[in-house]
Amino acid sequence: MAITMKKTVMALLSTVMLSGVLAGCSGTSKKTTEEAGTGEESFYSAPFENGKYTEPVSLTTVFPISSNLKFKNGENIEDNVHTRWAKETLGIDIKYLWTVSEQNNAYETKLRLMLTAGEEMPDIVAFRGSPALIADLIDSGQFADAGELFDKYASDIYKKAMAEDPNVWNPLMRDGKRMGIPILENAYNNDPVMYIREDWLKKLDLKAPTNITELETVMDAFTNQDPDGNGKNDTTGLSVGFKNNLNTWMSDSGWIFGMFGAMPNQWNKTEDNRLVYGSVQPEMKPALLKMKEWMDKGYISAESGLYDENKATEAFTAGKSGIIVGPYWMTGWPLPDLKVNVPDAEYKPYPLPAGPDGKIGRHGTAISSGAVLINKDMKHKDAFFVYQNYLFDHWANPESTVFTDGFAKGYDYDIGPNGEVYREQQSDKIPGGWVDAIRYTLTFDGAIIPNLMMNSLAKLADGAEPANQYEKILSERIAEQIQAAKIVIDQKDAVMPEMFTGAPTPTQLSRGDMLSKLEKEVLNKIIYDKASIDEFDAFVEKWKSTGGDQITEEVNAWYQSVQK
């Protein structure tokens with residue numbers, strides 16, 4: 001449920017984060033169009049001139065229709081402004097073998113049914129989500145060595161984007177081959193910052209905390225000094241929700257453990273280059289005791305263990321909590337609800353505080369959310385790269401003059417009578433309303449250069465003037481969001497990344513759910529003072545003996561294989 005909610009929220013936030021406007025420079029291959037011929041030794045698989053196939057080539061695929069995907073002008077995913085663009089601009093005729101609603105994992109289910117039935121796969125399968133399904137698709141033997149194709153056909157900009165973190169290939173490695181192409185996402189997008197009620201700080205004559213001691217002073221005041229002025233003892237210092245995980249995407253508490261050098265619910269790298277599971281490390285103990293102490297003192301709600309990410313956030317937006325930790329994009333949703341509920345409220349983003357020994361730790365953001373798999377029997381394998389190169393060279397790269405205002409006029413932007421540009425915020429001025437047409441693309445977001453957006457926002461926060469249209473659009477965001485992005489970049493050395501990105505191991509598949517249930521049960525009991533901290537050591541031993549040690553061996557075997 002948490003993963004589904006997160007994907008839904010992130011899709012809804014695309015307008016906040018990108019506004020559908022990216023651009024870039026030209027060039028789509030290692031060879032010029034003049035060099036491309038039609039013979040066996042030619043670079044392209046079909047006649048190609050002036051950046052497109054002279055006779056359209058077909059590319060078959062399948063597609064999930066998410067709830068936030070909107071159409072206009074009688075269009076659908078099979079026939080729309082995007083499919084027409086691909087055919088007219090690139091000479092690529094995109095054909096959909098089937099489409100299905102993304103609700104209830106229907107897309108994943110249908111792909112699995114195809115696998116089970118041994119059906120022939122389409123030319124291109126793009127999938128974001130379950131590493132297990134991606135692994136099963138790769139292991140079906142129906143897909144090509146995508147890395148070899150990438151090296152041959154990808155443009156320089158596409159390659160530079162992928163090279164920002166070579167680890168993105170790790171989940172797709174098989175016997176030294178890259179069997180899929182990672183779908184890139186914005187780096188640091190879900191990394192957390194701390195949001196604090198600025199009006200409460202002012203009212204109580206407090207400063208934003210920089211370390212755990214100062215944090216506890218602020219939380220105590222927010223809990224016990226009636227910061228909302230209603231004469232009732234009905235506020236808490238900090239909103240956290242750990243029904244799903246301690247280390248999560250909003251109303252996060254992973255940073256609390258980070259202050260002690262731990263990071264639960266993920267695999268972390270040790271100094272000797274091995275992977276260990278964060279939830280069973282000894283550094284967890286002081287952090288668990290600290291959360292227990294905070295719950296005992298009322299700094300965090302006694303319901304925190306029952307709250308998911310959204311429910312925990314409601315206390316902050318309702319004006320009943322003074323601190324919450326989550327991504328920079330919370331300034332676009334849901335934090336504006338605070339001003340609706342408490343019109344005079346103010347909040348500001350701040351850096352995460354340091355722990356007792358000066359440590360700061362936070363979870364990171366994977367810059368790949370899935371993969372594109374290329375059928376080994378696809379006739380025109382180069383067509384995918386002609387398509388994706390164009391998007392990287394012109395949509396993702398901010399120096400282009402092709403997509404300066406958006407993907408398609410009359411869809412994600414329009415031009416007013418005096419040259420003014422209408423975007424989502426002026427949806428009523430776009431005939432038929434604003435539609436995020438870039439969502440129709442094969443990889444769902446067009447193309448993304450991972451570090452570009454957050455670094456650009458941080459530069460703008462430092463006072464730099466926008467250097468291009470991309471930065472100009474970013475500069476129009478609300479001040480709190482730009483500042484939050486800068487804080488994320490300023491504290492990037494605190495990131496503790498998830499290091500295991502492979503498919504679930506055999507023992508994870510057979511024992512993972514049981515071990516996860518055991519973990520939540522024991523850790524929650526300690527936080528709720530239903531078990532002593534000594535039970536943590538017993539939990540670790542049980543975790544190891546009932547599958548954890550075997551999983552650790554399997555995870556490290558995978559890790560060593562991708563290091564080679």
Side-chain angles (χ1 to χ4, degrees), residues 1-2 4-17 68 189-204 206 208-209 215 218-219 221-223 225-230 232-246 248-256 294-295 298-350 352 425 477-485 487-488:
M1 177 63 73
T4 302
M5 179 63 72
K6 179 176 178 181
K7 288 169 62 180
T8 302
V9 168
M10 294 309 300
L12 290 170
L13 284 162
S14 65
T15 60
V16 175
M17 294 187 291
N68 59 79
N189 197 62
N190 295 324
D191 287 40
V193 297
M194 177 171 282
Y195 298 97
I196 305 179
R197 282 289 297 271
E198 188 71 8
D199 53 326
W200 286 10
L201 288 176
K202 293 175 183 176
K203 179 178 179 180
L204 301 175
L206 296 167
L215 174 64
V218 171
M219 289 196 299
F222 284 0
T223 303
Q225 294 184 28
D226 192 24
D228 60 355
N230 68 354
K232 300 177 181 178
N233 184 20
D234 60 353
T235 57
T236 57
L238 172 69
S239 283
V240 292
F242 49 92
K243 175 183 178 180
N244 295 314
N245 277 313
L246 291 165
T248 189
W249 58 279
M250 189 168 69
S251 61
D252 176 42
S253 55
W255 60 277
I256 300 170
W294 289 356
M295 184 169 284
Y299 297 170
I300 61 177
S301 170
E303 305 298 315
S304 296
L306 304 176
Y307 287 167
D308 63 13
E309 296 81 357
N310 290 284
K311 184 64 177 177
T313 305
E314 290 176 4
F316 188 88
T317 57
K320 294 302 178 184
S321 170
I323 302 173
I324 192 168
V325 173
Y328 89 103
W329 47 255
M330 286 179 69
T331 52
W333 177 93
L335 297 189
D337 289 347
L338 173 63
K339 293 286 288 184
V340 175
N341 296 320
V342 188
D344 295 330
E346 301 174 33
Y347 71 88
K348 281 181 62 177
Y350 285 98
L352 296 174
Q425 294 85 349
R477 298 189 183 189
I478 58 175
E480 291 90 349
Q481 189 164 99
I482 295 175
Q483 187 59 37
I487 293 169
V488 167

Which heavy-atom pair separates [X] from [Y] by the least distance, and what is that distance?
X: P192; Y: D252; result: CG-OD2, 3.9 Å
X: M250; Y: E309; result: O-CG, 3.3 Å
X: S301; Y: S304; result: O-OG, 2.7 Å
X: E346; Y: D199; result: O-OD1, 2.9 Å

Taking [X] for the side chain and [Y] for the main chain, is one N or O donor matched with an acceptor at less than 3.5 Å?
X: K203; Y: P227; value: yes
X: K339; Y: A345; value: yes
X: T235; Y: F222; value: yes
X: S321; Y: S239; value: yes

Q: Please step through side chain to side chain contact (heavy atoms under 4.5 Å, CB included) for the pair D191 and Y328, ending with a clear verdict.
A: CA-CA 8 Å; D191 287 40; Y328 89 103; over 6 Å; no
(Q) M330 vs I324, test: side chain to side chain contact (heavy atoms under 4.5 Å, CB included). Steps then yes/no. (A) CA-CA 10 Å; M330 286 179 69; I324 192 168; 4.0 Å; yes
Q: Would you sort out whether I256 and L238 count as a side chain to side chain contact (heavy atoms under 4.5 Å, CB included), showing the intermediate values?
A: CA-CA 11 Å; I256 300 170; L238 172 69; 4.2 Å; yes
Q) Residues in ring-ring contact (aromatic ring centres under 6.0 Å, His included) with W255, at least two apart? A) none
**Q.** Set of ring-ring contact (aromatic ring centres under 6.0 Å, His included) partners for F316, sequence neighbours left out
**A.**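 F316 satisfies ring-ring contact (aromatic ring centres under 6.0 Å, His included) with no residue once adjacent residues are dropped.
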Q. Testing T248, I300, I323, V325 for side-chain contact (heavy atoms from CB on, under 4.5 Å) with V240, which one passes?
A. I300
Q: Verify salt bridge (charged side-chain N to carboxylate O under 4.0 Å, His left out) between K311 and E303, making sure each step is shown before the conclusion.
A: CA-CA 10 Å; K311 184 64 177 177; E303 305 298 315; over 6 Å; no
Q. Going through the checks in order, is the side chain to side chain contact (heavy atoms under 4.5 Å, CB included) test met by Q225 and W200?
A. CA-CA 10 Å; Q225 294 184 28; W200 286 10; over 6 Å; no
Q: Mind telling me whether Y299 and W294 have parallel, tilted or perpendicular rings, with 30° and 60° as the class edges?
A: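 Because their plane-to-plane angle lies in the 30° to 60° range, the rings of W294 and Y299 count as tilted.
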Q) Is a side-chain donor-acceptor pair under 3.5 Å present for N190 with W329? A)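 Judged by distance alone, the side chains do pair up.
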